[in-house]
Amino acid sequence: MLVWQVVVTVVVVLVAFWFGLDALYSAAVGAGACLLSNWYFAYRVFQRYQAREPGQLLARIYGAEFAKIAIALAVFGLAFALLDQLRPLALFGAYLAVQWVPAVLAQRPDARSNS
């Protein structure tokens, strides 16, 4: 999924370039916030674990989700504090476009089991 999110990031940033450099920077930061937070989530959740301790896995998932949200909020906060010509629509639009990739891909007919 992260690879598809990178592909969507490149597409979104290229589309944002059509609206100017400020939109490009804002879209890059928004998409980057999503990629960074999702990468961290995947890194934390898919580390090695023992199947006989499902409570530990659940705690890891919740902790990773909390950290994912905190990372995204921190990047957004830095963007609002440091970018002079921030374009919020490009920032949040790029974040949402990249975030929705897993949900869209999971709905493909070939992604579902045939059971």
Side-chain angles (χ1 to χ4, degrees):
M1 288 299 163
L2 291 174
V3 172
W4 281 108
Q5 288 182 328
V6 169
V7 170
V8 172
T9 295
V10 170
V11 171
V12 166
V13 170
L14 289 174
V15 168
F17 179 66
W18 195 55
F19 295 98
L21 286 178
D22 294 336
L24 179 133
Y25 295 144
S26 298
V29 170
C34 188
L35 284 176
L36 179 64
S37 60
N38 284 334
W39 172 84
Y40 181 79
F41 178 86
Y43 174 76
R44 290 289 298 145
V45 169
F46 295 112
Q47 288 178 343
R48 292 177 15 172
Y49 71 94
Q50 297 192 6
R52 60 189 128 116
E53 297 177 6
Q56 242 181 357
L57 177 61
L58 183 61
R60 186 185 300 174
I61 290 170
Y62 280 125
E65 187 64 31
F66 178 78
K68 174 182 166 180
I69 293 167
I71 289 168
L73 289 175
V75 172
F76 290 149
L78 287 171
F80 276 96
L82 300 177
L83 293 178
D84 293 331
Q85 299 297 322
L86 182 70
R87 301 288 183 247
L89 183 60
L91 177 80
F92 295 121
Y95 179 89
L96 289 175
V98 175
Q99 184 64 31
W100 286 341
V101 168
V104 170
L105 290 178
Q107 295 303 314
R108 292 182 322 191
D110 61 333
R112 293 184 223 139
S113 67
N114 294 327
S115 314

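As the structure is a computational prediction, the values presented were derived from the model and not from experiment.
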Practice problem: Evaluate the side chain to side chain contact (heavy atoms under 4.5 Å, CB included) criterion for residues Leu91 and Phe80: first the C-alpha distance (whole Å), next the side-chain angles of each, then the deciding distance (0.1 Å), finally the verdict. | Solution: CA-CA 10 Å; Leu91 177 80; Phe80 276 96; 3.8 Å; yes

Give me the atom names and distance for the closest heavy-atom approach of [X] to [Y].
X	Y	answer
Leu21	Phe17	CD2-CE1, 3.9 Å
Ser26	Arg87	OG-N, 2.8 Å
Ala28	Val13	CA-CG2, 3.8 Å
Phe76	Gly30	CE2-CA, 4.4 Å
Ala27	Ala94	O-CB, 3.3 Å

Quiz item: Sequence neighbours excluded, which residues qualify as side-chain contact (heavy atoms from CB on, under 4.5 Å) partners of Ala42?
Solution: Leu2, Phe46

Quiz prompt | More than 12 heavy atoms from other groups under 6.0 Å of CG on Leu89 | solution = no

How long is the straight-line distance from [atom2] of [Y] back to [atom1] of [X], given to the nearest 0.5 Å?
X	Y	atom1	atom2	answer
Leu35	Tyr95	CG	OH	10.0 Å
Tyr25	Leu86	OH	CG	13.5 Å
Leu73	Leu78	CG	CG	11.0 Å
Leu36	Lys68	CG	NZ	11.5 Å

Practice problem: Check whether any side-chain N or O of Gln5 sits under 3.5 Å from a backbone N or O of Val98 as a donor-acceptor pair, and report yes or no. | Solution: yes

Quiz item: Is a side-chain donor or acceptor of Arg60 paired with a backbone partner of Gln47 at a separation under 3.5 angstrom?
Solution: yes

Quiz item: Shared ILVMFWY cluster between Leu83 and Val75, side chains joined below 4.5 angstrom?
Solution: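 Hydrophobic grouping puts Leu83 with Val75.
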
Quiz item: Going only through I, L, V, M, F, W and Y residues with side-chain contacts under 4.5 Å, is there a path from Phe92 to Ile71?
Solution: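 Yes, same cluster.
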
Self-check item: Reference residue Val101; test side chain to side chain contact (heavy atoms under 4.5 Å, CB included); the match among Asn38, Val8, Val7
Solution: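 For Val101, the side chain to side chain contact (heavy atoms under 4.5 Å, CB included) test succeeds with only one of Asn38, Val8, Val7, which is Val8.
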
Exercise. Could you tell me how the ring of Tyr43 sits relative to the ring of Trp39: parallel (under 30°), tilted (30 to 60°) or perpendicular (over 60°)?
Key: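 Aromatic pair Tyr43/Trp39 classed parallel.
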
